[in-house]
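To start, the structure under review is shown below, and the notes come after it.
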Amino acid sequence: MKTVLEIKNLTKRFEGLVAVKDVNITVKERQIHALIGPNGAGKTTTLSMINGTLEPTSGKILFGGQDITGMPAYKIAQKGLGRTFQNIKVFGSLTALENLMVGAMHNNNKGGVLRMLLCVKETNAMERTMREQALEVINEIGIYRLKDEYARNLPYGSQKVLELGRALMGKPKMILLDEPAAGLNTSERAEFVEILEKMYEKGIDLFLIEHNMDVVMNISHMITVLNFGQKIAEGTPSQIQSNPEVIRAYLGNRYKTIRKTEESRGNANAGR
Ligand SMILES: Nc1ncnc2c1ncn2[C@@H]1O[C@H](COP(=O)(O)OP(=O)(O)OP(=O)(O)O)[C@@H](O)[C@H]1O
Ligand SMILES: [Mg+2]
């Protein structure tokens, strides 16, 4: 299996605090890879270094074999690495469709904003292309009927889906997701997981941070566990569920709950 994303000895210091310490993760192609761990373990910090919103203190990040360490976020997005955020970042006063079009700006606007302003004809053509693409994406993520609603009026679950749609506008090879299911109710969560699976089947690789173990254990092929900035375990869902250090540091009693859920489903993960 080819490696898509490789994180080597990644470290991030904030003044006196080491948020991420010497972390190594290899993400293989066609694998849904999850990053889990307690609050403050360094998960978001790791994701931010991968997508270029934070500069690593040391270490290397390779995407598709290419060194992307310390590159600005927009360049990394252009290379096919999309991202969603832990706190929703949709623009409330834009419509759902316009939010998607904004998501495409980074990728399509090769000549910069000034060129766009100067060249009205080209801008119109670009806008048409973006609109067409946005309509395609909004259909794919199942919220076409909400396309003209202001984002601030959308239910929370649809805002989360919209954020995923924005990442899709960059035509990514891989999406980094920071707690995509947080705050969703059971049915919204099930819908979201379905969309993620659809994206994966379309050929997009997924790397996700998630606290909901039901989502993590059912969707992931591989899981990396962080604790106090360090990697403490890596493996398949069943390996992680039975790892004593992971149970002690993070899973606790939740592990038993998941096992029960899995058993009642006839152990759906068994073949993964
Ligand atoms: N910009 C920053 N400046 C200083 N400290 C920071 C900064 N960002 C994160 N930290 C600290 O780094 C540590 C790791 O934070 P991070 O947000 O990566 O954790 P996390 O695993 O995503 O947690 P959660 O599950 O709560 O989202 C925490 O102690 C946090 O307070
Ligand atoms: Mg976080």
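Just follow the structure's listing: the first ligand is 1, and inside any ligand the first atom is 1.
With a 4.5 Å cut-off on side-chain heavy atoms, Glu188 and Lys160 do not count as touching. At least one side-chain heavy atom of Glu234 sits under 4.5 Å from a side-chain heavy atom of His33.
Under 2.8 Å from the Mg ion (ligand 2), one finds the following protein N/O/S atoms: Thr44 OG1, Gln86 OE1.
Residue pairs that meet the side-chain hydrogen bond (donor to acceptor under 3.5 Å, both in side chains) test with at least one member in residues 14-24, sequence neighbours left out, are Asn9-Asp22.
The residue from Leu208, Asp178, Thr84 that alone fulfils the side chain to side chain contact (heavy atoms under 4.5 Å, CB included) condition with Leu47 is Asp178.
Neither side chain, Thr57 nor Lys12, offers a donor N or O lying under 3.5 Å from an acceptor on the other.
In this structure, the side-chain hydrogen bond (donor to acceptor under 3.5 Å, both in side chains) partners of Ser48, at least two apart in sequence or on a different chain, are Arg83.
When hydrophobic clusters are built by joining Ile, Leu, Val, Met, Phe, Trp and Tyr residues whose side-chain heavy atoms come closer than 4.5 Å, directly or via intermediates, Phe207 is grouped together with Ile76. In the hydrophobic clustering of ILVMFWY residues, with side-chain heavy atoms under 4.5 Å counting as a link, Ile36 and Val27 come out apart.
Listed as neighbours of ligand 1 are Phe14, Leu17, Ala19, Pro38, Asn39, Gly40, Ala41, Gly42, Lys43, Thr44, Thr45, Gln86, Glu179, His211, each bearing a heavy atom under 4.0 Å from the ligand.
Summarising the local packing, OH of Tyr200 is surrounded by more than 12 heavy atoms from other residues, nucleotides or ligands at distances under 6.0 Å.
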